[in-house]
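Here is the structure we will look at, set down as structure tokens.
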Amino acid sequence: MNNNRIFEKVKMKVAISNVKEEDIAMNKNKFNIGKGIGIAACIVLSMSGVAFATTQIINKFGANSSDGIQTAINNEYYSDVNTEYKDANGISTSIESFLIDDSNFDMNINIKFDSNYKLQEMLSNEGKIDIMDLKVVNEKNEKIFATRELEAEEMTSLYKTEQEARENYDSYMGAYSENTEMIRQNELKFYLTATGNPIHFPVSQKLKVTFNKIRNRYWQNGEEKYIIYKGEWSYEIDVPEKMAKSNIVNYKLVSISDEDYKFESAKVSNTAFKIYLNNCNGISWNDNECVETSNGNRFYPAHMSDGDGEISVQGDGKVRYYQTFNLTNYDATDNLKVHIFKSNGEEVVIELVKDN
């Protein structure tokens, strides 16, 4: 893995904040207040400041999942596991469903609070519930996902310097979004939407899911406060055969209308289409950029996070472009056209053919 890229990630993730008071609920009957050093973990936004889109129609994996995910769901590419509820200190959780392929990982977790908790009050004052230290690995202990807070905590406990962290720590490199939906009086559904850029999610036979901290964030007197409910919740779930293998299909270049632009790769999975180009001088975002199938259907960018689209200047001065579109294997044709645009409005057309 590129050390410079790791260094930038570590700089974002590992920062020791000022000492601040935090409320830690040790159990449902006795609440203790303590002080500790908080980890200033990266907020789940793009490095360019673009947040996850929230206009997507709510589907099985929440409002932040993409149209590509919805297409996969429509084609039954997901797994309902409905694990047994596990209780810790009056909070019971169960994994309901998940989806994983090379490009995306989505999961639903049901969270039930017993009568000692007042969920309506917890959600008042702009209150939010999230899982602070969610971690998912596979049967080979390869990391599928981990929250920024957990990784920051692990890195600062394992290594004394950023140099050591960047050389030794294997972090989750993708972007992600977490949100919740209240479904009953004292029950909510937690949605995780994670993208695998720039690294594919590893092929997995089993997923091991663990977390110990459920957090309630809220505002009081103009300041953000939080209470952490501690427990131990862990699950091991099987990955169905259809998800336990790569579904990537590669495409190769036929032609590009601006020959100065250099094609690197293009691939489609069951949830997304990704294309990478270099030397893209003058390239700019445009509402009309899309990938077009041979039958004339057009699919537009997922716009889920910076992990799904970026224009960046490399160390050698060349401009690199990559984008994630909502085209999937379920709609892809042997021949594709990608339409992108320069800042002056000039269209660049990339013609591709399936690499059999």
Side-chain angles (χ1 to χ4, degrees), residues 44 52 54 56-101 103-114 117 119-120 122-123 127-139 143-147 150 172 174 176-196 201 204-216 229 231-244 270-271 304:
V44 189
F52 279 73
T54 58
Q56 169 72 25
I57 296 174
I58 292 176
N59 61 30
K60 192 174 188 69
F61 294 107
N64 289 339
S65 57
S66 68
D67 289 343
I69 293 291
Q70 185 62 57
T71 299
I73 292 168
N74 293 344
N75 286 274
E76 300 185 349
Y77 187 80
Y78 65 90
S79 178
D80 286 330
V81 289
N82 294 312
T83 63
E84 290 186 7
Y85 276 89
K86 295 188 177 182
D87 176 84
N89 298 319
I91 303 176
S92 300
T93 67
S94 170
I95 298 175
E96 180 185 273
S97 307
F98 76 96
L99 173 157
I100 188 168
D101 77 343
S103 304
N104 288 280
F105 172 59
D106 290 66
M107 178 172 282
N108 294 349
I109 299 176
N110 289 322
I111 305 175
K112 292 181 179 180
F113 298 86
D114 73 12
Y117 301 89
L119 186 56
Q120 287 281 14
M122 294 162 66
L123 296 175
K128 296 179 181 179
I129 306 290
D130 65 7
I131 297 176
M132 193 172 177
D133 59 343
L134 180 62
K135 187 174 185 177
V136 184
V137 299
N138 67 10
E139 73 284 356
K143 186 177 290 185
I144 306 298
F145 173 80
T147 60
L150 175 64
Y172 166 67
Y176 67 95
S177 168
E178 300 168 300
N179 64 335
T180 55
E181 175 189 8
M182 188 170 176
I183 55 177
R184 293 181 187 87
Q185 182 176 355
N186 244 27
E187 183 176 355
L188 55 78
K189 194 179 297 293
F190 172 88
Y191 299 102
L192 170 68
T193 297
T195 63
F201 288 107
S204 306
Q205 309 294 321
K206 292 182 180 294
L207 299 182
K208 300 176 183 180
V209 182
T210 58
F211 53 96
N212 300 287
K213 299 175 184 177
I214 293 176
R215 176 173 54 184
N216 176 205
Y229 304 103
E232 292 184 6
W233 298 274
S234 62
Y235 305 87
E236 184 171 308
I237 54 181
D238 293 324
V239 178
E241 183 179 354
K242 62 186 175 184
M243 295 185 197
N270 283 1
T271 63
M304 288 170 58

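Numbers here are sequence positions counted from 1.
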task = Output, in order, the C-alpha distance, side-chain angles, deciding distance and verdict of side-chain contact (heavy atoms from CB on, under 4.5 Å) for L99 and M107.
result = CA-CA 7 Å; L99 173 157; M107 178 172 282; over 6 Å; no

Under 3.5 Å: donor-acceptor pair, side chain of [X], backbone of [Y]:
| X | Y | answer |
| --- | --- | --- |
| N75 | T71 | yes |
| S92 | A88 | no |
| D101 | N270 | yes |
| D133 | L150 | no |
| N104 | T195 | no |
| S204 | L207 | no |

Heavy-atom closest contact ([X] atom, [Y] atom, distance):
| X | Y | result |
| --- | --- | --- |
| A72 | T271 | CB-CG2, 4.0 Å |
| F201 | I144 | CE2-O, 3.3 Å |
| K206 | E139 | N-OE1, 3.0 Å |
| D87 | W233 | C-NE1, 4.3 Å |
| F190 | I131 | CE1-N, 3.7 Å |
| Y172 | K143 | N-CD, 3.8 Å |

Just checking, is any N or O donor in the side chain of [X] or [Y] under 3.5 Å from an acceptor N or O on the other one?
| X | Y | answer |
| --- | --- | --- |
| T193 | D106 | yes |
| Y191 | E178 | no |
| Y235 | S94 | no |
| N108 | K189 | no |

task = Starting from the C-alpha separation in whole Å, work towards a yes-or-no answer on side-chain contact (heavy atoms from CB on, under 4.5 Å) for L188 and L119.
result = CA-CA 9 Å; L188 55 78; L119 186 56; 3.8 Å; yes

Quick check: do [X] and [Y] have side-chain heavy atoms less than 4.5 Å from each other?
| X | Y | result |
| --- | --- | --- |
| V136 | F105 | yes |
| K128 | N216 | no |
| F98 | P240 | yes |
| N179 | N64 | yes |
| M182 | L123 | yes |
| K208 | S234 | no |

query = When you look at T83 and I237, which way does the side-chain contact (heavy atoms from CB on, under 4.5 Å) test go after all the steps?
reply = CA-CA 8 Å; T83 63; I237 54 181; 3.8 Å; yes

Separation of [Y] [atom2] from [X] [atom1] (nearest 0.5 Å):
| X | Y | atom1 | atom2 | answer |
| --- | --- | --- | --- | --- |
| N89 | E232 | CG | CD | 9.5 Å |
| T180 | I183 | OG1 | CD1 | 10.5 Å |
| S177 | L192 | OG | CG | 8.0 Å |
| Y77 | K242 | OH | NZ | 8.0 Å |
| N74 | I69 | CG | CD1 | 11.5 Å |

ask   = Has K135 got its NZ or CZ under 6.0 Å from the middle of the six-membered ring of F145, at an angle within 45 degrees of the ring axis?
value =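 The answer is no; the distance or angle limit is not met.
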
ask   = More than 12 non-hydrogen atoms from neighbouring residues, nucleotides or ligands closer than 6.0 Å to CD on Q120, yes or no?
value =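 For Q120, atom CD is not crowded (no more than 12 foreign heavy atoms under 6.0 Å).
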
task = Answer yes or no: are there more than 12 heavy-atom neighbours, outside K86 itself, under 6.0 Å from its atom NZ?
result =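 Yes, because the 6.0 Å sphere around NZ of K86 holds more than 12 heavy atoms from other groups.
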
query = Could you walk me through whether T147 and F211 pass the side-chain contact (heavy atoms from CB on, under 4.5 Å) check?
reply = CA-CA 10 Å; T147 60; F211 53 96; over 6 Å; no

Note: R215-D130 ion pair, threshold 4.0 Å (strictly below) =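 Salt bridge: yes.
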
task = Look at K60 together with D80 and state whether they make a salt bridge at an N to O cut-off of under 4.0 Å.
result =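 The answer is yes: the pair qualifies as a salt bridge.
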
Proximity of Y117 and Y229 rings by center, below 6.0 Å =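 Yes: the rings meet the under 6.0 Å criterion.
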
message = Can you tell me which residue among I95, V239, D238 is in a side chain to side chain contact (heavy atoms under 4.5 Å, CB included) with V81?
response =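 By the side chain to side chain contact (heavy atoms under 4.5 Å, CB included) criterion, V81 pairs with just one of I95, V239, D238: I95.
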
